[in-house]
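If you're wondering where the values come from, they're calculated on a predicted model, not measured in any experiment.
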Amino acid sequence: MAPADAARRLLLLLAVAGAVLRPAAAEIKQESFKDDSRGTILFEKFGFSHRGSVSIALTGAKAVSKLAKPDPAQLGFFLLSDEALFEAIYEQPPPTDLNPNPDPNTGCVLASRYVIPLFTFAELDASGNCNKTFPVSHPDEYSLFFANCAPETAVTMEVRTDMYNTNPDGSKDYLSVGQAPVPTIYAFFALGYVAFLAGWLYLTLYHNRLSAHRIHHLMSCLLLARMLYCISAAEDQHYIRVAGSSHGWDVMFYLFQLVKGVILFAVIALIGTGWSFLKPFLQDKEKKVLMVVIPLQVAANIAAAVVVVWSMRSLRESSKTDGKAARTLAKLTLFRQFYVVVIGYLYFTRIIVYALKTITNYKYRWVSVAAEEVATMAFYMFMFYMFKPAERNQYFALDDDEEEAAEMALREEEFEL
């Protein structure tokens, strides 16, 4: 394979690797490699300010080749921005046999004019150690790579990487530029959920205690889980910012992320089926299906929508036999509104938020976090207001004339999806 062709292929691989790596808070990384023969190793992606730095500490590094002794200048670390990466791909000249280049380094990414080389194995001491810090002169989002361009060569090493920005007071900030406001965002919404939960508990445990059902207490647990999720997320990001490590808060973050996801799905599914809210009209087989589906939180998005639609159609069919068309029509009206909001919320948080993460400039990655939290808070407020405990619900205060009108509406199948 020609050197230019090899370089082009390598740059394409780097583009794929950079695309799948999430732009994250750059913690201090400590990694070990033993007899690793990969051509490139992607460590981290980080958004630097004009006071950014990257520090690399290499211990016990050595390279062993099945062929001749590897050239240490062909093994090293470099930074690469997304913009430079795509420029390199499009401007890389196609291979040609008319102008062969005998220089073996030509096809190595370390020799590309688009990368920012840091150091190579040629700069290691006798023990294979190296500890260097490099300032980032041009603010941008960079990916840190290790390149192994030596043929048939395996590398053994221990690597510690620190990527950070320096604050005006001289302290280090290990959060990427675009992630800097995230701890404050989570802390703000944590306080919001504290107030939300306090108001909801007053409503369910004191003001409308006799009208509260089990589903309302489950909704209290949902608010508690969401509040703890925001608290753990704020602490996780805060400790990463100041120390480069989450100090165990990442465990709490993922735990409460799972808990609030399961409870949210349970609440949506149970409200959608009417269980334990106004009248438990589930059939035995429906209850069994629901109890199996609830733990499968991974399928929450699809299942939640299916359950709500299922409930609406079930209500309409039941109205034909129970003689309570007005009450059923009221439920259908309620659940249709709920269905539309659930679908809108799921699409926004799964598609729009993801799009914001993908297309937003690295300096504004926090916008996707803020957008998701605002949408979630709005969804919770709507859901809790719509299904709050109340002695007299407007959907069920119906007279005989409304009963006849409801029967006509149901016969006209206005609520079919």
Side-chain angles (χ1 to χ4, degrees), residues 3-29 31 33 36-58 61 72-94 104-123 130 132-150 153 155 157 159-165 174-179 357-363 365:
D5 190 32
R8 189 181 184 89
R9 290 176 179 270
L10 180 57
L11 289 168
L12 286 170
L13 290 175
L14 296 185
V16 174
V20 300
L21 181 70
R22 67 183 181 93
E27 307 172 28
I28 297 174
K29 301 290 186 181
E31 300 186 58
F33 303 90
D36 196 313
S37 58
R38 285 178 289 175
T40 58
I41 299 175
L42 176 58
F43 284 90
E44 188 64 78
K45 179 178 282 190
F46 190 77
F48 291 95
S49 68
H50 64 285
R51 298 167 61 94
S53 299
V54 54
S55 177
I56 303 175
L58 211 59
Q74 289 190 300
L75 301 101
F77 292 84
F78 66 93
L79 293 175
L80 183 63
S81 67
D82 289 345
E83 181 180 357
L85 173 59
F86 289 110
E87 288 181 0
I89 292 174
Y90 287 115
E91 294 186 16
Q92 185 73 21
N105 290 329
T106 303
C108 182
V109 68
L110 292 171
S112 171
R113 65 189 179 95
Y114 296 100
V115 308
I116 302 177
L118 300 178
F119 70 92
T120 67
F121 275 24
E123 302 174 53
C130 186
K132 291 190 176 185
T133 299
F134 305 89
V136 178
S137 57
H138 179 67
D140 204 342
E141 186 176 47
Y142 294 94
S143 297
L144 175 62
F145 289 94
F146 171 78
N148 178 0
C149 299
T153 300
V155 175
M157 59 182 176
V159 186
R160 173 191 166 101
T161 59
D162 295 35
M163 302 173 74
Y164 57 87
N165 295 306
Y174 289 94
L175 280 182
S176 178
V177 169
Q179 295 290 106
K357 292 179 182 178
T358 304
I359 65 176
T360 305
N361 184 278
Y362 77 99
K363 296 179 181 179
R365 291 276 162 74

Exercise. Taking all atoms of both residues into account, what is the closest heavy-atom pair of Tyr174 and Met163, and its distance?
Worked result: CD2-O, 3.8 Å
For this session: Evaluate the side-chain proximity of Leu79 to Phe46: yes if any heavy-atom separation is below 4.5 Å, no if none is.
Result: no
Problem set entry | Partner set under side-chain hydrogen bond (donor to acceptor under 3.5 Å, both in side chains) for Asn148, not counting sequence neighbours | none
Problem set entry | Minimum heavy-atom distance between Ala73 and Leu110, given as atom pair plus value | O-CD1, 3.8 Å
For this session: Determine whether Val177 and Ser49 make a side-chain contact, defined as any pair of heavy atoms from C-beta on separated by less than 4.5 Å.
Result: yes
Exercise. Minimum heavy-atom separation for Gly52 to Asn165, with atom names?
Worked result: CA-OD1, 3.3 Å
Exercise. Out of curiosity, Ile56 CD1 to Lys132 NZ, how far, rounded to the nearest 0.5 Å?
Worked result: 10.0 Å
For this session: Considering non-hydrogen atoms only, spot the tightest contact between Pro117 and Phe78 and give its length.
Result: CA-CB, 3.9 Å
Problem set entry | Glu31: partners by salt bridge (charged side-chain N to carboxylate O under 4.0 Å, His left out), with sequence neighbours left out | none
For this session: For Phe33, check ring pair (Phe, Tyr, Trp, His ring centres under 6.0 Å) against everything at least two apart and list the hits.
Result: Phe43
Exercise. Just by distance, do the side chain of Tyr362 and the backbone of Asp140 share a donor-acceptor pair under 3.5 Å?
Worked result: yes
Exercise. If you look at every heavy atom in Cys108 and Gln74, which pair is closest and at what distance?
Worked result: SG-O, 4.3 Å
Problem set entry | Distance (rounded to the nearest 0.5 Å) between Ile116 CD1 and Phe77 CZ | 15.5 Å
Exercise. Which atom names give the shortest non-hydrogen contact between Ala150 and Leu75, and what distance separates them?
Worked result: CB-CD1, 4.2 Å
For this session: For a side-chain contact (heavy atoms from CB on, under 4.5 Å) with Leu80, tell me which candidate from Thr40, Val109, Leu42, Val115 qualifies.
Result: Val115
Problem set entry | Contacts of Ser53 that satisfy side-chain hydrogen bond (donor to acceptor under 3.5 Å, both in side chains) - sequence neighbours left out | none
For this session: Report the residue from Thr161, Leu118, Val155, Val159 that forms a side-chain contact (heavy atoms from CB on, under 4.5 Å) with Phe146.
Result: Val155
For this session: Please confirm whether the backbone N or O of Gln179 pairs with a side-chain atom of Ser176, one donor and one acceptor, at under 3.5 Å?
Result: no
Exercise. Can you list the residues that meet the salt bridge (charged side-chain N to carboxylate O under 4.0 Å, His left out) rule with Lys363, with sequence neighbours excluded?
Worked result: none
Exercise. If you measure from OG on Ser81 to CZ on Phe48, what distance do you get to the nearest 0.5 Å?
Worked result: 11.5 Å
Exercise. Taking only residues two or more places apart in sequence or in another chain, which ones pass side-chain hydrogen bond (donor to acceptor under 3.5 Å, both in side chains) with Asp36?
Worked result: Arg38
